[in-house]
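Structure first, commentary second.
Sequence lines set the chain letters: A, B, ... in the order given, protein chains first and strands last, and positions in each chain run from 1.
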Amino acid sequence: MRDSSNWKPTSYRTHTIGQVVEGGESLVGSEVTVAGYAETVRGRGAICFLMLRDGTGRIQAFLKKDNMEESLFEAIQSATRESTIQVTGVVAKKRPPKVAEGEPMPPPEFEVSVGSGTILAEAATPLPVGITDEVNVGLDVRLDNRHLDLRRTHVNAMFQLRSKVLQYGREHLITEGFQEINSPKIIAAAAEGGTNLFPMKYFETDAYLSQSPQLYKQLAVLGGLERVFEIGPAFRAEKHDTYRHLNEFVSFDIEGAWMDDEDVMGVQERMIHYIWKEISHNDMSLIGVVNEYRESQGKGPVTVEAPELPFPRIPYCEAIEIVKSGGGEIQWGDDIESHHCDIIASQYPGFHFIPRWPMSMKPFYIHHKQGEEGSEGGQLSRGFDLNFGRDEMTSGGAREHRVEVLEQNLRDVGLDPADFTFYTDGFRYGAPPHAGWGLGVARLLMVLTGAGNVREVVLFPRDRSRVTP
RNA sequence: GCCCCGAUGGUGUAGUGGCCUAUCAUGCAGCCCUGUCGAGGCUGCGACCCGGGUUCAAAUCCCGGUCGGGGCGCCA
């Protein structure tokens, strides 16, 4: 539940439920108006108990037939679960529960003794997803009814954590001098060859949804903005169907001038360290909510400890050797696939960078230094990945700032430099060496919350077979 | 695109040819009790994905479809 200590009263309530729960003692005897969802309504006689929940807490409202208008009493008593109800009443200390001999008394709790109220909106029955039911609802049903799924405490906590991750990430980058930008999502050409784009009609011409802010954040840096970041959507028309891929996802991107791959790996590990540190200092109650649910599902708890710096660097050539010695079939020049990552992860279970991939495997905008060659002679690049366990979080690298090399790289991957003049022209008038990365926000959230599927931490995920709700 | 698996009340499930008028939980409706507190007790409601086939007999076996899950690929 969110901390609402600074929230102002609104037209519908004098206090948040959280304020009454927390403020308790000092509010006893005062009249408050609160509003929320009816979590349960118990009691069919002359008294009834209404458990009300808003985004900040839950509290019991106590209703007595004699204390209020009879028709309202009956309406609330027969209200369906999840109906929204506003009540006005006096804050009182709850009668203490009966405790077994020798058990300690729990701290006092407070309730609202209702004098009047309104049913704001009645909930239909049955609920397609029970909010407090002890059944393990399938992900597909949950996503079809996300508006209800979000009311579940642990789901709500996951999205609060998502917001915190974005907040702390932003905070950290700002302290390192990065400024936030917004790049266009409607584009005319591919940012990276090889990826399928969603085509669209832009008035009379053909356009695409952007698959990455890559080229535009570079142009911003070339234009002298020096250090930039963007948190925004990326769209990929790939027909994948896994727990970690979506066709629309939010990418956390940075780009910085006068930096190389090692410099931006430093930015990244410091940022992740900061996020983890802040969560572990400020938001463990949210993790606690997630863990409570995990326990009910027979899963172990997730822990949050700021990872040690620096993260291990396992250069591509070394990663290949680890896979080979772990029994994996792989050769220099092959991609490191998920089952290979499992082998590496058995030695490096946490965050680890894999720098210096073969140039032939990296996009055209990645920088390479002449003479940096792999164990078998191929040209290495200054591109890197960040993995956590078997999952890739990030891809990044130093960028090619020499326009003639850039154009050759384009030709090498079968692209026509003439289609990219909007980009290459940015390099013709003096270009600072620069580097950057893009991080999948949902994948980072999976690590933090222990979610087994990115869809859990994306509000309304878009995958191969889902465009609604 | 490939391989494997699955589809039973609103939700989550049991069920492997006749014992199914289909199990249990949760939910919903109602009643009783009650300053309750993950309340409790009682009664009731509600389902075999669609189409075809095999069989005396199909939730159960076969074929096709649709939808979903897992793994992979693609991708990062």
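The P atoms of B:U66 and B:C75 are separated by 27 Å, rounded to the nearest whole Å. For the P atoms, the distance linking B:G73 with B:U16 amounts to 38 Å, nearest Å. Distance check on atom C1': B:U21 versus B:G9 gives 16 Å, rounded to whole Å. Separation of the C1' atoms belonging to B:A47 and B:C4 is 28 Å when rounded to the nearest angstrom. For the C1' atoms, the distance linking B:G70 with B:C32 amounts to 48 Å, nearest Å. Comparing the P positions of B:G65 and B:U26 gives an interatomic distance of 40 Å, to the nearest angstrom. When the P atom is used for both B:A57 and B:A14, the distance is 29 Å, rounded to whole Å. Annotation: B:U55 and B:C62 have their C1' atoms spaced 12 Å apart (nearest Å).
Projected onto RNA chain B by closest heavy-atom contact, A:His339 and A:Gln77 fall at different nucleotides, the more 5' of which corresponds to A:Gln77.
Judged by distance alone, with hydrogens and angles left aside, the side-chain atoms of A:Thr394 form no donor-acceptor pair with the main-chain N or O of A:Leu386 at under 3.5 Å. Side-chain N or O atoms of A:Asp463 include one that pairs as donor or acceptor with a backbone N or O of A:Arg466 at under 3.5 Å. In this structure a side-chain-to-backbone donor-acceptor pair under 3.5 Å is present from A:Asp54 to A:Ile17. Not a single donor-acceptor pair under 3.5 Å links the side chain of A:Arg399 to the backbone N or O of A:Tyr365. Between the side chain of A:Arg313 and the backbone N or O of A:Ile354, no donor-acceptor pair lies under 3.5 Å. Panel note: side chain A:Lys217, backbone A:Glu230; no donor-acceptor pair is recorded below 3.5 Å. Judged by distance alone, the side chain of A:Asp261 and the main-chain N or O of A:Gly383 form no donor-acceptor pair under 3.5 Å.
One atom, CD of A:Glu39, and another, P of B:G27, lie 12 Å apart when rounded to the nearest Å. Protein atom CD1 of A:Ile59 is 18 Å distant from nucleotide atom P of B:C37, rounded to whole Å. Distance A:Asp140 CG to B:U66 C1': 13 Å, rounded to the nearest Å. With rounding to whole Å, A:Glu82 atom CD is found 13 Å from B:G27 atom P. Atom CG of A:Leu52 is separated from atom P of B:C37 by 19 Å (rounded to the nearest Å). Per the geometry, CG belonging to A:Asn67 stands 13 Å off C1' belonging to B:G35, to the nearest Å. The separation between A:Met51 atom CE and B:G35 atom C1' is 13 Å, rounded to whole Å. Distance A:Trp357 CH2 to B:C75 C1': 12 Å, rounded to the nearest Å.
Of all nucleotides present, only B:G30 satisfies the Watson-Crick or G-U wobble test against B:C42, with each distance under 3.5 Å. The base-pairing partner of B:C72, taking Watson-Crick or G-U wobble contacts with both distances under 3.5 Å, is B:G1. Taking a pair to require two hydrogen-bonding distances under 3.5 Å in either a Watson-Crick or a G-U wobble arrangement, B:G51 pairs with B:C63. With both pairing distances under 3.5 Å, B:C56 is matched to B:G18 as a Watson-Crick or G-U wobble pair. Base pairing of B:U23 is not made with any nucleotide, judged by Watson-Crick or G-U wobble geometry with both donor-acceptor distances under 3.5 Å. As the counterpart of B:G9, no nucleotide is assigned, since no Watson-Crick or G-U wobble pattern has both distances under 3.5 Å.
Proximity note for A:Glu337 (side chain, C-beta onward) versus B:G35, B:G73, B:C28: the nearest is B:G73. When the nucleotides B:C72, B:G35, B:C74 are ranked by their closest atom to the side chain of A:Arg390, B:C72 comes out on top.
Taking 3.5 Å as the limit, the base of B:C75 and the side chain of A:Lys239 contain no donor-acceptor pair of atoms between them. Judged by atom type and distance alone, A:His240 does not reach the base of B:C75 through any side-chain donor-acceptor pair under 3.5 Å.
Using a 4.0 Å heavy-atom cutoff across all strands shown, A:Arg81 reaches sugar-phosphate atoms only and no base atom. Across all strands shown, A:Ser465 has heavy atoms under 4.0 Å from sugar-phosphate atoms exclusively, and none from any base. Heavy atoms of A:Asp335 sit under 4.0 angstrom from at least one base atom.
A:Trp357 is linked by a ring pair (Phe, Tyr, Trp, His ring centres under 6.0 Å) to A:Tyr316, counting only residues two or more places apart in sequence or in another chain.
The two residues A:Pro355 and A:Met265 have their closest heavy-atom pair at CB-CE, 4.0 Å.
For the OP1/OP2 pair of B:A39 and a distance below 4.0 Å, the side-chain nitrogens and oxygens of A:Arg42 include at least one atom meeting the criterion.
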Summary of protein contacts for nucleotides 2-12 of chain B, nucleotide by nucleotide, where a base hit scores B, a sugar-phosphate-only hit scores S (4.0 Å, heavy atoms): --------BBS
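At a threshold of 4.5 Å between non-hydrogen side-chain atoms, the residues A:Arg152 and A:Asp149 count as touching.
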